[in-house]
Amino acid sequence: LNTQTHILLASAALIPVLSVHYRASVTRGPMAWLSVLVVFGAVLPDASLVVMWLIAKAQNVPDEIIFGQWYYSDYWTRIGAMSNSIPVFSAVAALSFVTFRVWANKASVMSTLALGLMAVSLSALLHTITDFPLHHNDGHAHFWPLSRWIFESPVSYWDPLHYGRQWTVIELILAGALIMYLWRKYSNIGARALLVLSGLSYIGVSTYWMITF
Ligand SMILES: [Zn+2]
């Protein structure tokens, strides 16, 4: 999936559920930070790649070299495995969930911390699980550190040689549905501005790829 889709999916799937737990255990303070953490977790697995891409771009390395060579280097592969690890995010999610359950009614600082960690790890976990079936030859070692195996899916979320065009249509329909769902659920101006921005980003990103390749 594209990063924007990960953000929309995590927001729709996790913010309502986490908000219920938040209201049940921590009664004071604003709740917006929980949404910010969900978005942070959704971006986290792609963040290292974006940072490395920006550094390469700053050195005037062309996109063909970045995505044709650098992407497959040992260094990028290792960082990709660490930030897309299903076992790591599962373990953190399980640990924070247990902590949250134990401390839910006792200390609000602990339960708030645990809930925050749960927001980040569940969101990142959702990212890695939904990416797993959608990478052909550019996937990650999703089971690091248990295994270095990289799944080669017949479907790619972008590559036209591996149903990338068909998947893009599905992903755009999914994104449209998620934007509509979130639009109806959250009426505050900030959330709606972000939703418009996320819609526009699909046009921006596809235009960039069309110009580049
Ligand atoms: Zn990803």
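When a residue number appears, it is its place in the shown sequence, counting from 1. All ligand and atom numbering here is 1-based and tracks the order in the structure.
- Residue Phe89 is grouped with residue Phe97 when hydrophobic side chains (ILVMFWY) are merged at heavy-atom distances under 4.5 angstrom, including chains of intermediate members.
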Check the pair Asp131, His6 against side chain to side chain donor-acceptor pair (under 3.5 Å), reporting the backbone distance first and the verdict last.
CA-CA 9 Å; Asp131 263 357; His6 284 299; 3.0 Å; yes
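- Leu122 pairs in a side-chain contact (heavy atoms from CB on, under 4.5 Å) with only one of the listed residues (Leu14, Val92, Leu37, Val17), which is Leu14.
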ask   = What's the verdict on side-chain contact (heavy atoms from CB on, under 4.5 Å) for Leu195 and Leu8, showing C-alpha distance, side-chain angles and the deciding distance?
value = CA-CA 8 Å; Leu195 287 173; Leu8 291 169; 3.9 Å; yes
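- Near the Zn ion (ligand 1), less than 2.8 Å away, sit the protein N, O or S atoms Asp46 OD1, His127 NE2, Asp131 OD2.
- Under the 4.5 Å side-chain heavy-atom criterion for ILVMFWY residues, a single connected hydrophobic cluster contains both Leu178 and Tyr186.
- Linking ILVMFWY residues whenever their side-chain heavy atoms come closer than 4.5 Å, directly or via other members, leaves Trp183 and Val39 in distinct clusters.
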